[in-house]
Amino acid sequence: MIASSHSADKKVYEIARLKNEVKEMRSAFVDGRSKLMRLKMESHVIEVMKDKGLAPSVIPPKKIKVKKTQN
Amino acid sequence: MAVNESNILNRLYFIAGCMFIFGLAVVFKLLSIQFLQGDVYRAKATERVVKNVVIPANRGNVYSVNGNLLATSIPKYDIRIDALTPKTKTFEKHIKPLCDSLFKYSGKPSSKFEKDIRRARANRNRYFLLARNIGYSDYIRLRNFPLLELGAFKGGLIVEQTTKREHPMGGIAQRTIGYERIDDKGNVTRPGIDGAFGIKYLRGVDGQRKKQQIGKGQWKPLSDANEIEPKDGYDVYTTIDVNIQDIAHHALLAQLEKYKADHGCVVVMETKTGEIRAISNLGRNKNGHYYERLNYAVGESHESGSTFKLMALAAAFEDKVVDTSDVVDTEKGILSFYGKKVRDSKHGGYGKVTVSKAFEVSSNTGIVKAIDQAYRKQPEKFVDRLYDMNLNSDLNLPIIGEPKPIIPDPRVKNGRWSGIALQWMAYGYGVSFTPLQTLTFYNAVANDGVMVKPRFLREVKEFDKVIEPFEKEVINKEICSKETIVKLQALLKNVVEKKHGTGYRLYSKNFSMAGKTGTCQKDYRDKEKLNYISSFAGYFPAENPKYSCIVVIHEPDKSVGYYGADVSGPVFKRVAQKIYTDTPLVDEIESLEVKMGAVEDEYEKFYKTAQIYKTIMPNLVGMPAMDALALLENMQIDVKVKLNGNGVVKAQSVNKNTKLKNNQIIVLKAS
């Protein structure tokens, strides 16, 4: 009885520790993701590439599509 | 008293009786505590070691249309130091490097940190704040600083964690994404989507569980029974497109800064479905910086000015009292009603012009004259027609704070009607709409008369399961006849495409746009305070519109400019251009195998040479160097080829028709 109660207690500590870890991981993920999002936003990319002399194109890309012939 | 047997006995009985009564009293108290007050005490006892712990539900996330996070809950950290815990030796050893690290982290001078921490130690401060509300990566960084890395017991590190709502996009669209905040008094402020759908979807239901204290400040669950499972909030998928939002935000910001305007907003809406792709609201604070202050697009109703001319003409066309080819006299740019004057922005007016030209040059007098002639005797008819086009009702948006449109009505007492109401309405004064309400009408014109409700939500999800999808909602299947729509669309197109149009400065030969400029006076009752509202509403491409967009900028600096086309137009154009350049043009071709005579010939020649010369040097002069190289390397004999230059072969080191040997070196000169 006492032993099993102690083992249960141990598990509770373990769970608390893991929960904290999950929380930390999650915040690390969101932190990284929001950083990435800011980095990949077009306005930011434009700014970075300005030094290299690159700017967004004013003409859209062309997609070449081959018509399927029936035979 | 004589000492005899009976006396002794009596005394004995008396004492025994007293003791018996005392015993009874004890038993009675015992029983009463056990049974009468038992429950109260038992409850008190369990309260100390057992409690009902609330398990908070995780709030759902808000996503953009392409799955980017717009709002989520993450832990934030407060870092404090117990200045008394570290031993003098460790404290002295680490204090300098710690303060240097803190300087690198925050930029505040190291000496200031040292002074503060030393003072905290002297004052026996066990709770000295180092950093508040920092993110995870900063927290990890701080935790590894000297002294703090020693932990709570040796270094005195105190970490407090709270869950905060975070917007990964930062200030962009913040007001529309919104939040839900409860202050100390329990009042809730809930702007934006996060606020509007907080209770219904995002919040979830908190759980409950009985727990027993087991030391180290931990609680263990007592039993599985009598607990409520927490239900996490649902995730909300909005219609906002991060890329368009980004462009719209920065285009608006650039114009606001250029014109030193007070505030402005831009909304981009998908024509067919009414999905809001971008919504940006920027206002200036005291320091002249712009940030998302209020949801102007949803909540700020203002007099429309020239953008309302479209609604006025729509009504007149529909009633067949005015047509595009009717000629009106702009009367040298000034009309007078009851002593009040309608003026054109161009001094001297435009002479006698057609209604459509009056619209394209945005002549106030021209439009007012047309509407005045048509409806002077029956203004109710005009108002009714506007009602028919659903212009008098709000959009019933989930985001709170949308005011009802204002349209003066002669039949309503106190309905803001006056002798000049009709004429003033014709060019957008006296009526009041929010940018989103105006946009909804323009979108209906773009959408061939089908008025759809603007919407912010696509679906509500729990992991991958869709809880509630949101379909497009049609407000009015046909705001006016097909004929009228065609006329209106042509007018809007001409504003940008015709040389005399007010929007011609926006014209681009690459992509088509249609729209109407608006330059509206604000606070015109006091000449001193007179300001402008510059707006542009429209859609693109002009044929087969995909998106409609409105830009409204309040109080631009008059010395820099205030016309709708100059102030708001560029934002519109930038958004249109962005969407245009992002959508690939599709070229369809019949087949990839196109036979070109010259290519065919060359290939035949190459093939023939390759077939004949397998061990003998061919004549390579005049052949493209790449072909010559391929030819020699594919021979039956291994030769080494040195190629100088590129282009067409001019000379070869080995004469033609010479038999080749293994590992022979051939030098080709090309230019």
Side-chain angles (χ1 to χ4, degrees), chain A residues 1-51 53-71, chain B residues 58 61 64 68-70 72-77 134-140 159 161 163-164 166-170 172 211-212 214-221 242-247 249-251 253-254 508 510-511 577-593:
Chain A
M1 171 77 179
I2 293 169
S4 70
S5 151
H6 273 287
S7 93
D9 288 9
K10 249 189 212 158
K11 280 190 178 116
V12 171
Y13 296 135
E14 178 72 6
I15 290 168
R17 196 179 61 74
L18 289 174
K19 253 192 190 154
N20 225 3
E21 210 170 302
V22 168
K23 254 189 183 170
E24 282 185 5
M25 297 280 195
R26 225 186 107 70
S27 60
F29 159 70
V30 174
D31 218 69
R33 182 145 177 188
S34 66
K35 241 185 223 163
L36 170 70
M37 253 175 89
R38 266 173 226 164
L39 283 179
K40 74 177 184 184
M41 264 198 284
E42 190 169 322
S43 53
H44 183 261
V45 175
I46 290 173
E47 215 161 274
V48 172
M49 296 319 269
K50 219 191 238 162
D51 301 337
L54 292 180
S57 160
V58 284
I59 27 172
K62 251 189 189 159
K63 195 163 141 190
I64 298 172
K65 207 170 164 187
V66 181
K67 265 187 208 159
K68 270 189 191 146
T69 43
Q70 286 168 341
N71 53 22
Chain B
N58 293 322
N61 297 330
S64 78
N68 287 316
L69 268 177
L70 296 181
T72 185
S73 301
I74 53 161
K76 287 273 177 184
Y77 303 87
I134 57 174
Y136 178 73
S137 52
D138 282 343
Y139 157 62
I140 292 296
V159 179
Q161 189 212 55
T163 305
K164 287 263 160 65
E166 178 84 343
H167 297 133
M169 291 252 291
I172 292 177
K211 286 191 171 183
Q212 184 182 26
I214 52 168
K216 279 199 209 169
Q218 294 288 351
W219 296 74
K220 84 171 171 189
V242 177
N243 294 325
I244 300 178
Q245 176 75 45
D246 175 40
I247 291 302
H249 176 93
H250 285 98
L253 184 64
S508 161
N510 286 331
F511 54 95
Q577 187 176 19
K578 154 83 187 158
I579 290 170
Y580 168 73
T581 50
D582 271 7
T583 344
L585 298 174
V586 178
D587 254 3
E588 289 213 8
I589 54 168
E590 289 294 345
S591 160
L592 274 179
E593 286 164 32

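Lettering of chains follows the sequences in order, A, B, ..., and the numbering in each one begins at 1.
- With a 4.5 angstrom heavy-atom cutoff, A:K40 touches chain B only via side-chain atoms.
- Shown here are the side chain to side chain donor-acceptor pair (under 3.5 Å) partners of A:D9, two or more places apart in sequence or in another chain: B:K220.
- Heavy-atom pairs under 4.5 Å with chain B were tallied for A:R33, A:H44, A:E42; the largest tally goes to A:E42.
- For a residue to count as touching a neighbouring chain, one of its non-hydrogen atoms must lie under 4.5 Å from one of that chain's; by this rule B:S137 touches chain A with backbone and side chain alike.
- Within the 4.5 angstrom heavy-atom criterion, only side-chain atoms of A:A16, from C-beta onward, approach chain B.
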Item to check | Full working for side-chain contact (heavy atoms from CB on, under 4.5 Å) between A:M41 and B:N68 | outcome: CA-CA 11 Å; A:M41 264 198 284; B:N68 287 316; over 6 Å; no
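- Remark: side-chain polar atoms of B:D246 are paired, donor with acceptor, to backbone N or O of A:S43 under 3.5 angstrom.
- Remark: A:K50 engages no residue in a side chain to side chain contact (heavy atoms under 4.5 Å, CB included) (not counting sequence neighbours).
- Only the backbone of B:H167 has a heavy atom closer than 4.5 Å to any heavy atom of chain A.
- Rounded to the nearest 0.5 angstrom, A:F29 CZ and B:T72 OG1 are separated by 8.0 Å.
- Of the atoms belonging to A:I46, it is side-chain heavy atoms, and not backbone ones, that fall under 4.5 Å from chain B.
- Residue B:S508 does not touch chain A at all, counting heavy-atom pairs closer than 4.5 Å.
- The line from CG of B:L70 to CE of A:M37 is 6.0 Å long, rounded to the nearest 0.5 Å.
- Between A:I59 and B:N510, the shortest heavy-atom contact is CG2-OD1, 4.5 Å.
- In this structure, no portion of B:F511 lies under 4.5 Å from any heavy atom of chain A.
- The contact between B:K578 and chain A is made entirely by side chain atoms (from C-beta outward), counting heavy-atom distances below 4.5 Å.
- There is no contact between B:N58 and chain A, counting heavy-atom distances below 4.5 Å.
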